[in-house]
*Asks:* 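Next up is a structure, given as structure tokens.
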Amino acid sequence: MSTTPTLDITKMKPNDPCWCGSGYKFKRCHKASTDRVIAGTISPMRPVPPEIERPHYAEHGGTDDRDEPMVKPPETLDRMRRTGRAAAAILREVGAAIEPGITTDELDALCHRLCIEAGGYPSPLNYGIDPPFPKSICTSVNEVICHGIPDSRVLRDGDIINLDVTLFREGVHGDTNATWAVGTADPESMRLIRTTRECTSLGIEAVKPGRPVSDIGRAIQDHAEAAGFSVVRAFVGHGVGTEFHTHPEILHYYHPRNDTVMEPGMTFTIEPMIAIGAWEQRMWNDGWTAATVDGKRTAQFEHTMVVTDDGVELLTLHEDGRWSGDGGSPEA
Ligand code: MF3
Ligand code: CO
Ligand code: CO
């Protein structure tokens, strides 16, 4: 896979377009802040043993078949329960390796190995086009909203990081993420993480058959904005099953036209990204990394779930019923 060319930032002029591809002038972007996340070097693609069952895009990249039915048969749900729980266990184990000094590439190596040891394929690997995602986990640090590519950047004490694990096994995807502080983060970052976890939880509580999915976005947006934060608009929750991203779309803010009616057996993710400052985002020129325009931090939590006859069943809970990440009860 490609590597990021080494940049001599000292040679950049204030009015040059920023190296990160945001479209802003250097002086308005990375020069404005010494602590914005800087891309490192991406290591070569890690191989997956031939005996592991692969999703259709594993060889040549590609996106999803959008025609997968939203309501899954019971037999698919059983597979999704097993895959979801295995994804959660991997997320927890990679999360336990977070510490100042480790690189996001080392976290990728760990996630990659754990997916294979679990008998599955790391869904992000070679997913998408122009270019396909080159790694097995998304690692999104500080102002990176989502889809951060693991690289040689070292985690620092006081950073926050989201790890997004998706496992493909038994022909279905289990998609889950959580946010942690690296060492000790500032109180506002911890409030952001806690509030984002609460937003995710309130979104999940809004899942009810017969109700429109816009109930979910409303619950999330109300709580985020009451806390003085904003909801990122550009990325949404999604149907998931044999395909990684399919119908329905789940907006994390209220929109009346996000009106799919929830039905028992429907599977999707809820994965709100909450920002301390502005919700607007720019993509780096790697084609994946999405960061806030103002450089302020964001957090995210994600679960895969199924609508039941009277509510919801989470498919990516840990066996003990807990979630990964910070911002929960002290022993979470
Ligand atoms: N897991 C992400 C999600 O929640 C998608 C990552 S796509 C990738 O939808 F290609 F970046 F891995
Ligand atoms: Co997702
Ligand atoms: Co995800």
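First listed ligand is number 1; within each ligand, the first listed atom is number 1. Computed from a prediction, not measured in an experiment: that's the story for all the values here.
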*Asks:* Do ligand 1 and Tyr127 have nitrogen or oxygen atoms that lie under 3.5 Å from each other?
*Replies:*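 In this structure, Tyr127 places no N or O atom under 3.5 Å from an N or O of ligand 1.
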*Asks:* Report the part of Pro132 (side chain from C-beta onward, or backbone N, CA, C, O) that has a heavy atom under 4.0 Å from ligand 1; answer both or neither where that applies.
*Replies:*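 None of Pro132 does.
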*Asks:* Output yes when a side-chain donor or acceptor of Thr267 lies under 3.5 Å from a complementary backbone atom of Val306, and no otherwise.
*Replies:* no
*Asks:* What protein heavy atom sits nearest atom 12 (F) of ligand 1, and how far away is it?
*Replies:*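 Its nearest protein heavy-atom neighbour is Pro124 CB, 2.9 Å.
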*Asks:* If you define the side chain from C-beta out and look only at heavy atoms, does anything of Met273 sit under 4.5 Å from Val231?
*Replies:* no
*Asks:* Considering only NZ, NE, NH1 and NH2 on the basic side and carboxylate oxygens on the acidic side, decide whether Arg282 and Asp294 come within less than 4.0 Å.
*Replies:*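 So Arg282 does not pair with Asp294 through a salt bridge.
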*Asks:* Please check if the number of heavy atoms outside Glu249 that lie under 6.0 Å from its CD is greater than 12.
*Replies:*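 Incorrect, the count does not exceed 12.
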*Asks:* Please lay out, stage by stage, how Arg156 and Asp159 fare under the test salt bridge (Lys or Arg N to Asp or Glu O under 4.0 Å).
*Replies:* CA-CA 6 Å; Arg156 302 182 198 156; Asp159 283 344; 5.3 Å; no
*Asks:* Which atoms of ligand 1 are found less than 4.0 Å from any heavy atom of Glu271?
*Replies:*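 Atoms satisfying the 4.0 Å criterion: 3 (C), 4 (O), 9 (O).
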*Asks:* Verify the distance test for Glu302 against the Co ion (ligand 3): any N/O/S atom under 2.8 Å, yes or no.
*Replies:* yes
*Asks:* Near Thr166, which atoms of ligand 1 are under 4.0 Å from a heavy atom of that residue?
*Replies:* 1 (N)
*Asks:* Taking the side chain from Asn162 and the backbone from Ala178, do they hold a donor-acceptor pair closer than 3.5 Å?
*Replies:*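 Here the side-chain-to-backbone pair exists.
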*Asks:* Residue-level breakdown please: for Phe244 versus ligand 1, do any non-hydrogen atoms fall below 4.0 Å on the side chain, on the backbone, on both, or on neither?
*Replies:* side chain
*Asks:* Do you see an N/O/S atom of His238, backbone or side chain, under 2.8 Å from the Co ion (ligand 2)?
*Replies:* yes
*Asks:* Taking only heavy atoms of His245 into account, list the atoms of ligand 1 that are under 4.0 Å away from them.
*Replies:* 3 (C), 5 (C), 9 (O)
*Asks:* If I consider every N, O or S atom in Asp175, which one ends up closest to the Co ion (ligand 3)? I only need its name.
*Replies:*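 Going through the N, O and S atoms of Asp175 one by one, OD1 ends up nearest to the Co ion (ligand 3).
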*Asks:* Say whether Val307 and Val236 are linked into one hydrophobic cluster, either directly or through other cluster members, by side-chain heavy-atom distances under 4.5 angstrom.
*Replies:* yes
*Asks:* If the plane angle is over 60° it's perpendicular, under 30° parallel, otherwise tilted; pick one for His245 and Tyr127.
*Replies:*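 Because their plane-to-plane angle lies in the 30° to 60° range, the rings of His245 and Tyr127 count as tilted.
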*Asks:* Checking one value in my table: which N/O/S atom of Glu271 lies closest to the Co ion (ligand 2)?
*Replies:*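 That would be atom OE2.
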*Asks:* Do Phe235 and His147 make the cut of ring centroids closer than 6.0 angstrom?
*Replies:* yes
*Asks:* Any N or O of Asp175 that comes nearer than 3.5 Å to an N or O of ligand 1?
*Replies:* yes
*Asks:* The Co ion (ligand 2) and Asp164: any N/O/S contact shorter than 2.8 Å?
*Replies:* no
*Asks:* Evaluate Trp288 for polar contact with ligand 1, using N/O atom pairs at a separation under 3.5 Å.
*Replies:*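 Such a contact does not occur with ligand 1.
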*Asks:* Determine whether any heavy atom of Cys138 lies closer than 4.0 Å to an atom of ligand 1.
*Replies:* yes
*Asks:* So among Met45, Arg54, Glu59, which one has a side chain to side chain contact (heavy atoms under 4.5 Å, CB included) with Asn126?
*Replies:*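 Going through Met45, Arg54, Glu59 one by one, the side chain to side chain contact (heavy atoms under 4.5 Å, CB included) with Asn126 is satisfied by Met45 alone.
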*Asks:* How are the rings of Phe133 and Trp288 set relative to one another: parallel (under 30°), tilted (30 to 60°) or perpendicular (over 60°)?
*Replies:*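 Because their plane-to-plane angle is over 60°, the rings of Phe133 and Trp288 count as perpendicular.
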*Asks:* Within ligand 1, which atoms have a heavy atom of His238 less than 4.0 Å away?
*Replies:* 3 (C), 4 (O), 9 (O)
*Asks:* Could you tell me the residue and atom name of the protein heavy atom closest to atom 2 (C) of ligand 1, and the distance to it rounded to 0.1 Å?
*Replies:* Asp164 OD2, 3.2 Å
